[in-house]
Amino acid sequence: LDTGGWQGSYAPLTVENAGLVRKVGGTGQSYISTVINTGQVEVQSGSLYVATLTNNGRVDVESGATLYVGAASGAGTYGTAAGGQIAVSGAPLGGTFSGPGPVQLSGTIAGTITGPNLVIDANSSVSGTFSYSGTVTWTGGTMAGVMTVAPGAVLNITGVDHKRLGGGAEIINHGVINLSGAGSVLGGACCAGPQPMAWLRNAADGVVNLLDTGGWQGSYAPLTVENA
């Protein structure tokens, strides 16, 4: 694939892959409407956008390349090399992520995620109910769902930008949360009217470390830390 692609028009179009699909040409973006993958997908250069990906095989993103996924599901594996990136917009995201490249989370997420470099940044607005194992780094944006930090997992909240925990949203911590940098976690989505309570629920096996000048505070919604 170069900069063209496979996409639905007057009829939907699905690529069912049990072999190898590669994005290998140029620095532009290729597009595939729907992929059902039980084989291998490789993004070696440029970027590949897949609107709907069901991955029960293997997906690899090389250095300098990017995979954009509108909706992802399945129990397959993903690998991101240093300098590669995966950006997921939502859906019942499953599977296991590996490698040093970041996996940006946004949109409505459900299910269980495993990965060493999951990212919520200033371009992210995450909702849904999900849990994860591994490490999430939260540098900006809004978390408006219910996120569970599994035992042994880490949530690093860092940077100078404030992060927002939406009204009614919850972080349930069974792992370790590190809050560093000058940015705080603020309750409520920006610029909306009165909103329900936002919660950090720190379970008996959870640890919360305050490492700098940031903190947890109410804003457009009250924010409560419940510590067991």
Side-chain angles (χ1 to χ4, degrees), residues 1-81 83-99 101-115 117-132 134 136 140-147 166:
L1 297 176
D2 193 346
T3 56
W6 302 78
Q7 61 190 77
S9 178
Y10 293 100
L13 192 157
T14 296
V15 174
E16 184 179 64
N17 177 49
L20 174 62
V21 172
R22 292 187 294 191
K23 161 62 175 161
V24 294
T27 59
Q29 184 176 95
S30 297
Y31 180 95
I32 305 177
S33 296
T34 302
V35 175
I36 300 173
N37 180 51
T38 56
Q40 186 169 4
V41 175
E42 295 180 356
V43 186
Q44 297 183 359
S45 65
S47 62
L48 174 64
Y49 179 84
V50 180
T52 303
L53 172 61
T54 302
N55 178 37
N56 289 299
R58 174 80 183 177
V59 175
D60 286 296
V61 181
E62 301 300 328
S63 178
T66 302
L67 172 66
Y68 298 99
V69 182
S73 62
T77 58
Y78 299 79
T80 51
Q85 179 180 355
I86 298 176
V88 181
S89 299
L93 178 63
T96 299
F97 296 86
S98 63
V103 178
Q104 182 191 34
L105 303 178
S106 191
T108 302
I109 306 295
T112 300
I113 312 168
T114 300
N117 194 5
L118 307 171
V119 175
I120 301 172
D121 64 18
N123 297 314
S124 301
S125 180
V126 176
S127 60
T129 299
F130 66 99
S131 64
Y132 73 89
V136 167
T142 300
M143 213 298 292
V146 178
M147 178 172 69

Reported [atom1]-to-[atom2] distance for the pair [X] and [Y], which is rounded to 0.5 angstrom:
{"X": "Ile36", "Y": "Thr52", "atom1": "CD1", "atom2": "OG1", "answer": "9.5 Å"}
{"X": "Leu118", "Y": "Gln104", "atom1": "CG", "atom2": "CD", "answer": "11.5 Å"}
{"X": "Met147", "Y": "Leu105", "atom1": "CE", "atom2": "CG", "answer": "9.5 Å"}
{"X": "Thr96", "Y": "Arg58", "atom1": "OG1", "atom2": "CZ", "answer": "9.5 Å"}
{"X": "Asp60", "Y": "Thr77", "atom1": "CG", "atom2": "OG1", "answer": "7.0 Å"}
{"X": "Asn55", "Y": "Ser73", "atom1": "CG", "atom2": "OG", "answer": "8.5 Å"}

Of all the heavy-atom pairs spanning [X] and [Y], show the shortest one and how long it is.
{"X": "Gln40", "Y": "Asn17", "answer": "O-ND2, 3.1 Å"}
{"X": "Lys23", "Y": "Ser47", "answer": "CE-O, 3.5 Å"}
{"X": "Ala81", "Y": "Ser63", "answer": "CB-N, 3.8 Å"}
{"X": "Ile32", "Y": "Val15", "answer": "CG2-CG2, 3.7 Å"}
{"X": "Ser124", "Y": "Val119", "answer": "OG-O, 4.5 Å"}
{"X": "Ala51", "Y": "Ser33", "answer": "CB-O, 3.1 Å"}

Checklist entry - Who pairs with Ser131 by side-chain hydrogen bond (donor to acceptor under 3.5 Å, both in side chains), at least two apart in sequence or on another chain? => result Thr112
Next on the checklist: So, using side-chain hydrogen bond (donor to acceptor under 3.5 Å, both in side chains) as the criterion, who are the partners of Ser45 when residues are at least two apart?
Outcome noted: none
Next on the checklist: With side chain to side chain contact (heavy atoms under 4.5 Å, CB included) as the criterion, how do Leu48 and Val41 come out once you've worked through the C-alpha distance, each side chain's angles and the decisive distance to 0.1 Å?
Outcome noted: CA-CA 10 Å; Leu48 174 64; Val41 175; 4.2 Å; yes
I'd like to know if the side chain of [X] reaches the main chain of [Y], judged simply by a donor and an acceptor atom lying under 3.5 Å from each other, with no hydrogens or angles considered.
{"X": "Asn56", "Y": "Thr38", "value": "no"}
{"X": "Asn123", "Y": "Gly141", "value": "no"}
{"X": "Asn117", "Y": "Val103", "value": "no"}

Checklist entry - Does the side chain to side chain contact (heavy atoms under 4.5 Å, CB included) test come out yes or no for Val59 and Asn37, once each step is laid out? => result CA-CA 9 Å; Val59 175; Asn37 180 51; 4.1 Å; yes
Checklist entry - Parallel, tilted or perpendicular for Tyr49 and Tyr68, by the 30°/60° rule? => result tilted
Checklist entry - So do Val43 and Thr66 actually touch side chain to side chain, heavy atoms under 4.5 Å? => result no
Next on the checklist: Quick one, Val69 and Tyr78 - any side-chain contact, counting heavy atoms below 4.5 Å?
Outcome noted: no
Checklist entry - salt bridge (Lys or Arg N to Asp or Glu O under 4.0 Å) with Asp121: which residues, sequence neighbours excluded? => result none
Checklist entry - Just checking, any donor-acceptor pair under 3.5 angstrom between side chains of Thr108 and Ser127? => result yes
Checklist entry - Should Ile113 and Phe97 be marked as a side chain to side chain contact (heavy atoms under 4.5 Å, CB included) after you check the CA-CA gap, both sets of side-chain angles, and the distance that decides it? => result CA-CA 8 Å; Ile113 312 168; Phe97 296 86; 3.8 Å; yes
